[in-house]
Amino acid sequence: MSPFVRIEKLAKIKTQKWDIEDSAELYGIRNWSAGYFDINQQGEVTIKPYGVKGGPAISVATIIQEIKERGYNMPVLLRIENILDSQISLLHHCFHDAIVQLGYKGEYRGVFPIKVNQQQQVVEEIADFGKSFHHGLEVGSKAELIAAVSQVKSRKACLICNGYKDEEFINLGLHAMRLGYNCIFVLEMPGELDTILECAKTLNVVPQIGVRVKLSTKATTGHWAESGGERSSFGLTSAQIIDVVDTLKANNMLDCLKLLHYHLGSQIPNIRDIRSAVMEAARIYAGLVQEGAAMGYIDLGGGLAVDYDGSHTNYVSSRNYSLNEYCTDVVESVMTIMDEQNTPHPHIVTESGRATVAYYSILLFNILDVSLIEIGNLPEKLPEDTPEPIVNLKEALENVNIRSLQECYNDALYYYDEVRQLFVTGRATLRQRTLAERYYWAIMRSIAEEKDKLKTVPKELHEINSKLADIYYCNFSVFQSLPDSWAIDQVFPIMPVHRLNEYPDRRGILSDMTCDSDGRINNFIDTQGMKNTLELHSLKNGEEYYLGAFLVGAYQETLGDLHNLLGDTNVVSIRVQEDGTYEFVREISGDSISDILAYVEYEPRRILENIRHNAERAVRNKTITPAERFSIMQAFENGMRGYTYFER
Ligand SMILES: *Cc1c(COP(=O)(O)O)cnc(C)c1O
């Protein structure tokens, strides 16, 4: 449950004078953007790729225009390469500062866990830019290992092999070592050790081994709070670690044990959990050194959280610490324990995925349509034969006042239901039922207005705003592009990217193109916690309305699925120069309909053959002419090449 009181704020009625500062506050952009996004005087969201350091600000609306001129349709995943670079250098600089300040003797070695965003251009950019920092990669499978070996540029960078490893995985890692990579096998289960020792012997390579420990510390809050601790499915207990030490000792290979690893879970909102975990791990590390292991690295895994809601709290979608605090706390905790145990300071490894890539992608999409609740004019007087419950609804509407809200609400539900009963049993007409429906919504709207005057709003009445909300139909698929929004109720900052100097006069929820009842978003970040509706602008005739879902660079791209056969979106990457000019460095067309059908095992050629066969039969039956057959077939052939999303 959210620690916030779920009270929807009284909408600021400021239609006359609404400016970008009001929008900035309403959407909280300066709270969650980490300095990378803001709003310009024209009311458009801007990208500031150099973050808090200042530098140019590029309008997202302008970028959309330019993307469209190049022939790409919405939705588009926009990546800003500089933001990725900024995040990597920020991480290294913060650790470096903490190390210098505290007089720590080891170094910081960051690695990027490929699973967080496996796209080639992402991993390549991390490897290229991260080279000077010796930023490495973390892999959890053979495929990821092969991808990593093809990308890592620095020989000092760590190549951490997690995940269950078969012989082939281990051999590939050993070959990588012979090519000069700093490859470390982390034991996820005791059985892996024998395979590693055998393979190493056969290939005559000295392996570097790490152990993943099950800590007794676990996260107290966050999505993954239940998955840590002694019962977590990954890692070795301390007894199993001691067995590993004994086996290595017996083989005279204790100097191969180089690293201690743990992973508490992703998105750890509370710094106290991070601190407790690192303290426990540091003690185990010191214990292993005392056992005679070579060691040298302590690897804290991931967990560095992203403040998606901008609240700076220990709520699941936030974090109650800054990057500086994280780095200082980690270095200080490790150092304290090492000094106490007279143990040399190890290199500190973290596997931050989410915090490295979240900021750098924005999902941009347009609105296709809006469905509003329209009440229309209600009659002054009801006809004589009007069924009793409708008369009661009319009275309830006339009675709505600040003292009778709950009562009127109950009446509205009750009488509207009665009318529906009359209708199904044939005692009310379709027109009468429609009239009842309009009264029902009129009562709801009237209650919604009055309830905002109350100091405390009865619980049941909170839902009214979302009942009355408009539905904005969006050109994207939640399942494909924001899977965590559907799977684990993860919130992402979502807001219009233009018209921010206009008062947002509507309250809406977002529905995607899948028409699936789960394909919607009705939970939004708010300065007060969460809200069920988002402030939006009325659509203007002949003008597109664009929204952006921000901070979507981590986990969303490869977890997405093909629900309703909506495929990968177009992807455009830009790089901004210091003078504010920018170039489109990469463009990837999204899936075509034929790509998508092939994923689910259709053969595009067979599809067209079948359709052609049917068309020919229609020609023979004289329902179409041969010339019509030609244009129909052309339409299908073009369709197969087209984008899976709505195109205007
Ligand atoms: C998923 C994972 C990570 C990444 O965690 P973030 O919270 O995204 O930084 C790191 N290490 C391991 C072992 C993981 O499974």
Side-chain angles (χ1 to χ4, degrees), residues 84 87-88 90-92 94-95 108-119 122-123 126 130 135-141 143-145 148 158-165 169 184-189 192 210-215 218-219 221-228 232-236 259-271 273-274 277-278 281 297-308 316-319 321 323 326-327 330 348-361 483-484 487-488 490 492 551-559:
L84 181 54
Q87 284 297 94
I88 293 173
L90 201 62
L91 184 64
H92 283 274
C94 283
F95 264 110
Y108 171 65
R109 289 276 186 275
V111 298
F112 176 72
I114 293 192
K115 71 149 196 255
V116 183
N117 193 328
Q118 296 117 325
Q119 305 294 323
V122 177
V123 176
I126 291 173
H135 202 81
L137 294 171
E138 183 265 356
V139 303
S141 67
E144 289 185 353
L145 174 60
C158 296
L159 187 58
I160 307 273
C161 299
N162 287 325
Y164 293 143
K165 293 168 277 295
F169 192 155
I184 304 173
F185 298 113
V186 177
L187 302 178
E188 299 266 2
M189 53 181 181
E192 282 173 339
V211 282
R212 177 166 185 169
V213 59
K214 272 184 197 177
L215 295 181
K218 59 178 202 168
T221 56
H223 286 300
W224 286 269
E226 289 311 307
S227 58
S232 73
S233 40
F234 300 103
L236 277 58
L259 176 145
L260 180 76
H261 166 82
Y262 70 89
H263 174 65
L264 210 51
S266 196
Q267 184 71 14
I268 309 287
N270 196 339
I271 189 76
D273 295 332
I274 288 170
V278 73
Y297 296 98
I298 184 164
D299 176 355
L300 283 56
L304 177 58
V306 167
D307 194 2
Y308 290 99
V316 283
S317 48
S318 186
R319 65 177 192 199
Y321 51 92
L323 182 58
Y326 174 85
C327 298
V330 164
I348 294 174
V349 178
T350 68
E351 304 174 347
S352 282
R354 184 185 296 279
T356 308
V357 291
Y359 291 93
Y360 109 115
S361 306
D484 280 347
I488 56 172
Q490 155 92 57
F492 296 95
L551 277 51
V552 299
Y555 296 103
Q556 304 316 297
E557 291 183 39
T558 30
L559 288 178

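Atoms within a ligand are numbered from 1 in the order they appear, just like the ligands themselves. Just so you know, residue 1 is the first one in the sequence shown, and it goes up from there.
- Shortest contact from atom 8 (O) of ligand 1 to any protein heavy atom: Y555 OH, 2.6 Å.
- At the shortest separation from atom 15 (O) of ligand 1 among protein heavy atoms lies K115 NZ, 2.6 Å.
- Polar contact with ligand 1: absent for N162 (N/O pair, distance under 3.5 Å).
- Side-chain contact between Y326 and I268 is absent, with no heavy atoms from C-beta onward closer than 4.5 Å.
- Ranking the protein heavy atoms by distance from atom 7 (O) of ligand 1 puts S266 OG, 2.5 Å first.
- With contacts defined as side-chain heavy-atom distances shorter than 4.5 Å, the pair L264/L300 does not qualify.
- You'll find the side chain of L304 reaches within 4.5 Å of the side chain of R319, heavy atoms only.
- Looking at Y555 and Q490, their side chains never come closer than 4.5 Å, going by heavy atoms from C-beta outward.
- Atoms of ligand 1 lying under 4.0 Å from at least one heavy atom of S352, given by number and element, are 9 (O).
- The protein non-hydrogen atom at the shortest distance from atom 13 (C) of ligand 1 is E351 OE1, 3.4 Å.
- Under 4.0 angstrom from ligand 1, the non-hydrogen atoms of R354 come from both its backbone and its side chain.
- Side-chain contact between N117 and T356: absent, with no pair of heavy atoms (C-beta onward) separated by less than 4.5 Å.
- With hydrogens and angles ignored, the 3.5 Å screen pairs no side-chain donor or acceptor of K115 with any backbone N or O of E138.
- The atoms of ligand 1 that sit less than 4.0 Å from any heavy atom of P113 are 3 (C), 4 (C), 10 (C).
- Aromatic ring orientation, Y108 versus F95: parallel (interplanar angle below 30°, classes split at 30° and 60°).
- Taking a cut-off of under 4.0 Å to the non-hydrogen atoms of E138, the atoms of ligand 1 that pass are 13 (C).
- Considering both main-chain and side-chain atoms, G301 never comes within under 3.5 Å of ligand 1 through any nitrogen or oxygen pair.
- Contacts with ligand 1 closer than 4.0 Å are made by backbone heavy atoms (N, CA, C, O) of Q267 only, the side chain lying farther away.
- In terms of protein heavy-atom proximity, atom 9 (O) of ligand 1 is nearest to G353 N, 2.7 Å.
- Residues meeting the ring-ring contact (aromatic ring centres under 6.0 Å, His included) test with H261, sequence neighbours left out: none.
- Residue G303 has at least one heavy-atom neighbour below 4.0 Å for each of these atoms of ligand 1: 5 (O), 6 (P), 7 (O), 9 (O).
- Every residue two or more places apart in sequence or in another chain that forms a side-chain contact (heavy atoms from CB on, under 4.5 Å) with A358 is listed here: V306, Y308, A554.
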